[in-house]
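So you know, we letter chains A, B, ... as the sequences are listed, proteins then strands, and number each from 1.
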Amino acid sequence: MDYKTRTKIAVILIEDRVAVDSDVIILGWVRTIRVSKNVAFVEVNDGSCMKNIQGVIEQPENLPVLDKITTGASVRMQGRLVASQGKGQKYEIEVKSLLLVGEADTSYPIQTKRHSFEFLREIAHLRPRTNTFGAVNRVRSKIAYAIHKFYQDKGFYYIHTPLISASDCEGAGDLFHITTFDLDNIPRKDGQIDWHEDFFGDETYLTVSGQLEGELLATALGDIYTFGPTFRAENSNTSRHASEFWMIEPEMAWAELDDNMDLAEEFLKYLFRFALEECADDMEFFGRWVDKELHRTLEGVITAEFERCSYTEAITLLEKAKQKFEFPVKWGVDMQSEHERYLTEKIFKKPVILYDYPEEIKSFYMRVNDDGRTVRAMDVLVPKVGEIIGGSQREERYDVLKARMEKKGIKNLDNYYWYLDIRRWGSVPHAGFGLGFDRALMYITGMANIRDVTPFPRVPNWAKF
RNA sequence: UCCCCUGUAGCUCAGUCGGUAGAGCAGCUGACUGUUAAUCAGCGGGUCGCUGGUUCGAGCCCAGCCGGGGGAGCCA
């Protein structure tokens with residue numbers, strides 16, 4: 001059987017680059033088949049696009065293999081591309097040859113009907129063959145590409161920060177330990193675990209962020225971005241949290257908070273527009289079946305000028321609001337998602353960038369304002385989700401940073417000598433932010449659960465496949 | 001981790017007052033059809049999440065455990 005020659009369905013149905021009457025070979029999986037005495041229809045999908053192509057067989061009795069061709073089977077279909085006689089598709093294939101490559105018996109779990117996302121999660125090895133998950137994975141790939149294109153076109157360098165980290169205080173959540181110790185026989189010294197005996201001669205973790213290393217590269221290359229996996233051992237059981245997820249973290253030298261805001265706004269708009277323009281077919285599917293408001297929501301972000309509002313102003317606005325909140329509002333408290341969503345959905349009705357948060361509720365590395373009470377942090381809030389980006393201008397003054405780290409109770413400051421060193425020699429103002437890739441994808445596709453935009457999600461109690 | 005909901009056929013679900021189970025879809029067989037969530041007829045299909053308790057009798061009531069969903073917190 002010849003697998004080398006084939007025409008992808010997207011080339012026929014999306015790009016419309018194949019002339020009628022051409023001979024084509026399709027390699028793909030049968031989505032559904034209808035056989036009757038005088039005519040049979042086989043719908044094949046090859047993953048190149050949302051759409052199936054329909055093969056028409058005029059004399060089914062001459063093709064006994066049709067008995068074995070069932071939903072889920074892989075086939076090689078050869079024939080002439082013709083304008084369809086039926087409704088619902090522009091082209092179809094007059095089948096000359098139909099070969100069964102891999103049969104699918106009746107236990108194939110994906111049926112020609114709607115399945116719940118919960119069920120499909122349990123068969124994550126097969127769900128990419130469904131319409132929804134085919135679309136999710138295609139868009140995921142395109143958006144990953146768009147991220148690189150956006151930054152590369154701006155002259156940012158893509159850097160790889162380590163996934164294995166020895167700093168236990170990068171700021172966020174619980175960490176996964178990594179070790180080569182025999183867990184039944186862990187070396188101890190004076191009652192304590194003796195990490196010197198471990199693989200790296202030190203206690204190590206999976207990283208929770210590439211930011212600190214990103215700063216090191218930004219203060220040499222100028223503008224950089226990271227795009228890679230991160231790991232959090234938080235016992236979070238929500239639709240928005242995964243234990244392993246991908247994050248984009250740009251970092252710019254010679255930049256202050258307003259530059260950071262400009263970049264974040266431009267970046268989000270670029271990604272959303274890219275999805276609408278480059279994934280039109282898949283996006284149309286999401287708009288029809290997953291979230292009817294999707295296009296309006298994304299267009300709203302693309303066309304809006306993001307509101308910029310200080311934390312202090314936002315608190316004042318929330319205090320004046322008639323809305324009753326579960327968590328009371330008061331200067332100094334961290335913003336709850338109900339507050340964030342009220343600001344972006346009710347007060348401004350568009351994306352909002354909040355900035356200058358109280359020093360006490362934000363991380364050690366954020367630049368302290370002249371008032372001494374606030375730091376140059378920013379969160380980008382969007383309707384329907386709330387916070388989608390978090391970032392800051394970094395503290396570039398050595399003494400101020402060191403004092404703040406001590407104040408925040410960071411032990412073993414010596415472990416961070418390298419982070420402080422870039423402030424000792426040739427320090428520059430710099431700023432950056434983090435965007436959760438999977439969360440951005442949720443926003444773009446309208447999918448409500450992070451487990452359904454990640455091909456093989458890792459969450460508490462689930463690391464299958 | 002906390003609060004609420006939930007677990008019955010391959011899938012989605014119903015199951016009344018406690019009397020050992022039913023539908024639609026899928027599958028199989030046949031008929032029919034330029035069909036496209038095809039249609040029509042027939043057939044097969046169950047450790048009611050697990051363990052224990054109450055009861056003459058438990059899918060149903062009680063307890064514990066396990067799984068799933070939604071919300072909250074933490075965050076991206």
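Geometrically, Lys154(A) engages Phe150(A) in a cation-pi contact defined by less than 6.0 Å to the ring centre and at most 45° from the axis. The cationic atom of Lys408(A) (NZ for Lys, CZ for Arg) does not lie both less than 6.0 Å from the six-membered ring centre of Phe364(A) and within 45° of the ring axis.
At the phosphate of rG69(B), neither OP1 nor OP2 sits under 4.0 Å from any side-chain N or O atom of Ser239(A). At rA72(B), one or more side-chain N or O atoms of Arg240(A) fall inside 4.0 Å of OP1 or OP2 (strictly under the cut-off).
Put simply, NZ on Lys113(A) is 13 Å from P on rG24(B), counting in whole angstrom units. Atom-to-atom, CD of Gln336(A) to C1' of rG71(B) comes out at 14 Å; the value is rounded to the nearest Å. Rounded to a whole Å, the CG atom of Asn235(A) is 14 Å from the P atom of rC3(B). Rounded to whole Å, atom P of rC75(B) lies 14 Å from atom CG of Leu381(A). As a whole-Å value, the separation of Phe327(A) CZ from rA72(B) P is 9 Å. We find that CZ of Arg121(A) is positioned 16 Å from P of rG67(B), with the value rounded to whole Å. Between the CD1 atom of Ile110(A) and the C1' atom of rC25(B) there is a distance of 16 Å, given to the nearest Å. At whole-Å resolution of the value, CD in Glu234(A) and P in rC2(B) are 15 Å apart.
Taking atom P on both nucleotides, rA72(B) is separated from rG53(B) by 41 Å, rounded to a whole Å. Rounded to whole Å, the P atom of rG10(B) lies 8 Å from the corresponding atom of rG46(B). Comparing rG22(B) with rG44(B), their P atoms sit 13 Å apart, to the nearest whole Å. Using atom P as the reference point in both rU20(B) and rC13(B), the two lie 26 Å apart (nearest Å). Spacing of C1' atoms, rG45(B) relative to rA23(B), comes out at 14 Å, to the nearest Å. A distance of about 11 Å separates the P atoms of rG7(B) and rC60(B), rounded to the whole Å. Of the C1' atoms belonging to rG15(B) and rA58(B), the separation is 14 Å, rounded to the nearest Å. The same atom, P, is picked in rU6(B) and in rC75(B); the two are 32 Å apart, to the nearest Å.
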Open item on the list: Counting Watson-Crick and G-U wobble pairs with both distances under 3.5 Å, what is the dot-bracket string for RNA chain B, 5' to 3', using [ ] for crossing pairs and | for pairs to another strand?
Closed with: (((((((..((((.....[..)))).(((((.......))))).....(((((..]....))))))))))))....
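Within the nucleic acid shown, Phe41(A) comes within 4.0 Å of at least one base atom, counting heavy atoms only. Within the nucleic acid shown, Gly390(A) has no heavy atom closer than 4.0 Å to any nucleic acid atom. Ala440(A) comes within contact range of no nucleotide atom at all, as no heavy-atom separation falls under 4.0 Å. Using a 4.0 Å heavy-atom cutoff across all strands shown, Glu122(A) reaches no nucleic acid atom at all. As judged by a 4.0 angstrom heavy-atom cut-off over every strand, Val459(A) is placed among residues making no nucleic acid contact. Using a 4.0 Å heavy-atom cutoff across all strands shown, Gln211(A) reaches no nucleic acid atom at all.
Side-chain proximity of Arg34(A) to the nucleotides rU12(B), rC75(B), rA38(B) is greatest for rA38(B). With rC75(B), rU35(B), rU12(B) as the choices, the nucleotide that has an atom nearest any side-chain atom of His241(A) turns out to be rC75(B). Nearest to the side-chain atoms of Thr238(A) among the listed nucleotides rG68(B), rG34(B), rG73(B) stands rG73(B).
With values rounded to the nearest 0.5 angstrom, Asn449(A) atom CG is found 9.5 Å from Phe117(A) atom CZ.
Between the side chain of Gln111(A) and the base of rG10(B), at least one donor-acceptor pair of N or O atoms lies under 3.5 Å. Residue side chain His115(A) does not reach the base of rC11(B) through any donor-acceptor N/O pair under 3.5 Å, judged by distance alone. Side chain Ser236(A) to base rC75(B): no donor-acceptor pair is found below 3.5 Å. In terms of polar N and O atoms assigned as donor or acceptor, the side chain of Gln85(A) comes within less than 3.5 Å of the base of rG34(B) in a complementary pairing.
By the 6.0 Å contact criterion, NZ on Lys96(A) is enclosed, its count of non-hydrogen atoms from other residues, nucleotides or ligands being greater than 12.
Note: Phe437(A) and Phe227(A) have perpendicular aromatic rings, judged against thresholds of 30 and 60 degrees for the angle between ring planes. Note: His177(A) and Tyr205(A) have tilted aromatic rings, judged against thresholds of 30 and 60 degrees for the angle between ring planes.
RNA chain B is contacted by both Asn237(A) and Lys37(A); Asn237(A) maps to the nucleotide lying nearer its 5′ end (nearest heavy atom per residue). Each of Ser116(A) and Gly88(A) has a nearest nucleotide on RNA chain B; the 5'-most of these lies closest to Ser116(A).
Here the closest non-hydrogen pair linking Ile444(A) and Ala275(A) is CG2-CB, 3.5 Å.
The pair Glu359(A)-Arg373(A) does not meet the salt-bridge criterion, since no charged nitrogen lies less than 4.0 angstrom from a carboxylate oxygen. For Lys349(A) and Glu307(A), the salt-bridge test fails: no basic side-chain N is under 4.0 Å from an acidic carboxylate O.
Results of the salt bridge (charged side-chain N to carboxylate O under 4.0 Å, His left out) test with Asp438(A) over Arg451(A), Arg240(A), Arg140(A) single out Arg140(A) as the only residue that passes. Tested against Val375(A) for a side-chain contact (heavy atoms from CB on, under 4.5 Å), the candidates Met366(A), Arg367(A), Glu360(A) yield a single pass: Met366(A).
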TODO: Give the C-alpha distance, both sets of side-chain angles, the deciding distance and a yes or no for side chain to side chain contact (heavy atoms under 4.5 Å, CB included) between His339(A) and Gln336(A).
DONE: CA-CA 5 Å; His339(A) 305 141; Gln336(A) 302 293 323; 3.5 Å; yes
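The stretch residues 89-109 of chain A comes close to RNA chain B through Gln89(A), Glu92(A), Thr106(A), each having a heavy atom under 4.0 Å from the strand. Within residues 447-454 of chain A, the residues having any heavy atom closer than 4.0 Å to RNA chain B are, in order of number, Asn449(A), Ile450(A), Arg451(A).
There is no side-chain donor-acceptor pair under 3.5 Å between Gln152(A) and Tyr158(A). No side-chain donor from either of Gln54(A) and Ser84(A) sits under 3.5 Å from a side-chain acceptor of the other.
Residues Phe456(A) and Lys464(A) form no side-chain contact, since every pair of their non-hydrogen atoms from C-beta on lies 4.5 Å or further apart.
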